[in-house]
Amino acid sequence: MTLHVVTGGPGSGKTSLINALAAAGHPTLPESGRNIIREQVATGDRALPWDDQEAFAQAMEAADRRAYAAMPNRNGAVFLDRGLPDIIGYRALSGLPISPTLEADCRATIRYASPIFIAPPWPEIYATDSERRQDFGEADRTCAFMRETYAALGYALVELPHASVAERVAFILRSAGVSAA
């Protein structure tokens with residue numbers, strides 16, 4: 001199984017891209033952060049990026065580790081809306097400590113296919129919503145932290161073009177050497 005990560009700042013089209021890949025028949029894994037926010041809001045809990053960043057980071061890491069462990073061992077490509085190194089980037093951006101275990105796992109145990117696809121900031125499509133409260137400046141900073149994090153972990157990065165979702169899907173499939181489903 002080959003795991004391909006799409007990362008970047010919020011509001012840069014990652015989820016739309018992952019949804020399009022899924023609709024085209026490619027296996028995908030959604031971002032854990034949005035699901036955690038929905039669950040926390042629904043239950044009135046505080047593991048939210050605007051309430052308790054440490055608890056939110058821990059919840060994302062636990063969810064991502066469970067998702068990684070549950071992936072079936074099969075042939076083919078899987079496209080992920082963020083990877084475990086995004087937790088390191090989030091922690092660095094938020095001024096939270098990075099556990100040696102998380103860093104070691106990202107360096108040696110839980111690895112993804114290179115290149116990592118990075119969705120750059122895109123003001124024309126950026127919008128906030130009930131789960132995305134960051135302003136565009138923070139989205140831009142988040143992208144920079146993700147770029148630095150993945151590069152520091154030894155990954156090559158390929159920046160996605162500002163293009164239609166269909167053109168981005170074709171770009172990813174071509175760059176990853178994956179045929180259309």
_Arg46 and Asp52 ion-paired at < 4.0 Å_ = no
*asked:* With ring pair (Phe, Tyr, Trp, His ring centres under 6.0 Å) as the rule and sequence neighbours excluded, what pairs involving residues 77-100 come up?
replied: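 Non-adjacent pairs meeting ring pair (Phe, Tyr, Trp, His ring centres under 6.0 Å): His4-Phe79, His26-Phe79, Phe56-Tyr90.
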Minimum heavy-atom separation for [X] and [Y], please, with both atom names.
X	Y	value
Pro85	Tyr112	CD-CE1, 3.4 Å
Ala163	Arg168	O-CD, 3.8 Å
Phe117	Ser175	CE2-CB, 3.5 Å
Pro121	Cys143	CD-SG, 3.7 Å
Leu29	Ala67	CD2-CB, 3.7 Å
Pro120	His162	CG-NE2, 3.5 Å

Minimum side-chain heavy-atom gap [X]-[Y] below 4.5 Å:
X	Y	value
Pro97	Glu54	yes
Ile116	Thr7	yes
Val6	Arg82	no
Leu173	Ser179	no

Atom pair [atom1]/[atom2] of [X] and [Y] - distance to nearest 0.5 Å:
X	Y	atom1	atom2	value
Arg91	Leu96	CZ	CG	5.5 Å
Phe171	Leu160	CZ	CG	6.0 Å
Thr15	Arg34	OG1	CZ	6.0 Å
Ile18	Leu80	CD1	CG	7.0 Å
Ser12	Glu159	OG	CD	10.0 Å
Ile36	Asp45	CD1	CG	12.0 Å

Treating Ile, Leu, Val, Met, Phe, Trp and Tyr as nodes and any side-chain heavy-atom pair under 4.5 angstrom as an edge, say whether [X] and [Y] lie in one connected cluster.
X	Y	answer
Phe145	Leu84	no
Leu153	Met60	yes
Leu93	Val5	no
Ile87	Leu48	yes

Using only atom types and a distance under 3.5 Å, with no angle test, would you say the side chain of [X] pairs donor to acceptor with the backbone of [Y]?
X	Y	answer
Gln40	Ile37	no
Asn35	Ser32	no
Lys14	Ile118	no

Let me check something: any side-chain donor-acceptor pairs from residues 98-107 under 3.5 Å, sequence neighbours excluded? List them with distances.
unit_1	atom_1	unit_2	atom_2	d
Ser99	OG	Leu102	N	3.0
Glu103	OE2	Arg107	NE	3.3
Glu103	OE2	Arg107	NH2	3.3
Asp105	OD2	Arg65	NH1	2.7
Asp105	OD2	Arg65	NH2	2.9
Arg107	NH1	Ala152	O	3.2

*Val169 and Leu17: side chain to side chain contact (heavy atoms under 4.5 Å, CB included), yes or no, with the steps?*
CA-CA 7 Å; Val169 165; Leu17 184 54; 3.4 Å; yes
_Ring of Phe136, cation from Arg141 - is the NZ or CZ under 6.0 Å from the centre and inside 45° of the axis?_
no
